[in-house]
Amino acid sequence: MRRPPQPRPSSTPIDPAFVARVRGDLLRFARLQLGSDDEAEDAVQEALAAALRNGDQFRGEAALKTWVIAILKNKIADLLRQRRRRPLGASQMASEEEGGALPALFDERGMWREAARPAAWEDPEAGLHSDQFLAIFDACLNRLPAQQGQVFMMREVVELATDEICDELGLTSGNIHVILHRARLALRACLQHHWFAEEVR
Amino acid sequence: MMLNCHDTTFLMSQRRERDLSFSERMKLRLHAGMCRHCANFERQLPLLGEAAKRLAAQEDDHGV
């Protein structure tokens with residue numbers, strides 16, 4: 001991975017290997033929400049630089065990493081609020097919805113297809129404490145259409161309100177509701193298929 | 001009027017973003033009371049948000 005030079009006060013002995021490791025995680029996180037590699041690179045770069053400037057206040061890498069993530073979340077929220085992005089996919093969304101096409105999980109009457117029926121999940125809370133579960137959830141997120149993943153993260157992680165997401169993406173609240181519904185349907189189905197059905201734990 | 005599963009899950013999803021009207025809540029309850037698949041869907045919805053937050057904060061726990 002290309003690693004640009006890190007600004008680093010001489011008083012702060014921060015391990016470059018640590019920065020490299022953290023950077024990959026941060027980039028994945030930022031890309032999902034910004035939907036753009038360049039902007040994600042910039043946001044991560046700024047967050048790292050800001051964090052390392054004050055890095056000597058932190059004891060241990062875990063604390064430093066938490067701090068970098070907090071800065072990055074703020075940067076992403078700012079970017080999303082300020083930036084007026086091209087309403088990419090808005091027209092696609094609208095036409096898809098007006099066409100009345102139902103997600104493939106449902107039959108033509110809007111009832112669950114047999115294979116897609118949500119089953120009861122055994123001890124779903126346990127998954128939240130499992131690295132393996134979160135890795136699968138991550139893979140499911142990455143499999144979503146870019147816009148769905150972006151809106152889902154803006155809503156559930158950055159916790160923007162619907163109207164903030166609308167302003168940001170140039171979509172209507174109706175669009176957002178449809179996008180979130182589809183993202184949740186897809187994520188739920190993906191988890192059922194890859195985690196709860198196989199019980200890999 | 002009875003909702004189908006698609007419309008029911010759509011309302012369940014929207015409930016995380018907005019307050020549903022009285023009539024929407026009634027229709028949702030009526031359907032979910034009889035359809036365990038949609039009832040399962042509703043129970044599992046919050047987990048998706050939780051998982052996303054855990055994933056975003058995962059580094060905090062491990063110090064990876």
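Just so you know, these numbers use all the heavy atoms, side chains as well, and skip hydrogens, waters and symmetry mates. All chains are named by letter (A, B, ...) in the order of the sequence lines, taking the proteins before the strands, and each is independently numbered beginning at 1.
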Nearest heavy atoms of C38(B) and W112(A), plus distance in Å: SG-NE1, 3.3 Å
Side-chain heavy-atom pair L47(B), E125(A) within 4.5 angstrom cut-off: yes
Residue part contacting chain A, namely of R18(B), when any heavy atom lies under 4.5 Å: side chain
Minimum-distance pair of heavy atoms, taken over all atoms of L48(B) and F152(A): O-CZ, 3.7 Å
Top of D107(A), D138(A), I176(A) for chain B proximity - count of heavy-atom pairs under 4.5 angstrom: D138(A)
Per-residue contact mode, L141(A) against chain B (heavy atom under 4.5 angstrom): side chain
Salt bridge flag under 4.0 Å for residues E17(B) and R184(A): yes
Any H129(A) side-chain heavy atom under 4.5 Å of R54(B) side chain: yes
Interface moiety of L105(A) toward chain B, non-hydrogen atoms closer than 4.5 Å: neither
Considering all heavy atoms, the nearest A51(B)-F133(A) contact: CB-CE2, 4.0 Å
Distance, nearest 0.5 Å, that separates NE2 of H37(B) from CD of E114(A): 8.5 Å
Closest non-hydrogen atom pair, L55(B) against L134(A): CD1-O, 3.5 Å
Most chain B-contacting option - heavy-atom pairs closer than 4.5 Å, from V157(A), L128(A), T162(A), L185(A): L128(A)
Any donor-acceptor N/O pair, Q44(B) side chain to A119(A) backbone, under 3.5 Å: yes
Flag side-chain contact, heavy atom, 4.5 Å: R117(A) against R36(B): no
Side-chain donor/acceptor of N4(B) to backbone N/O of M111(A), under 3.5 Å: no
Aromatic plane relationship, H6(B) with F106(A) - under 30° parallel, 30 to 60° tilted, over 60° perpendicular: perpendicular
Check: H181(A) side chain, F10(B) main-chain N or O, donor-acceptor pair, under 3.5 Å: yes
Donor + acceptor pair across side chains of S13(B), H177(A) (<3.5 Å): no
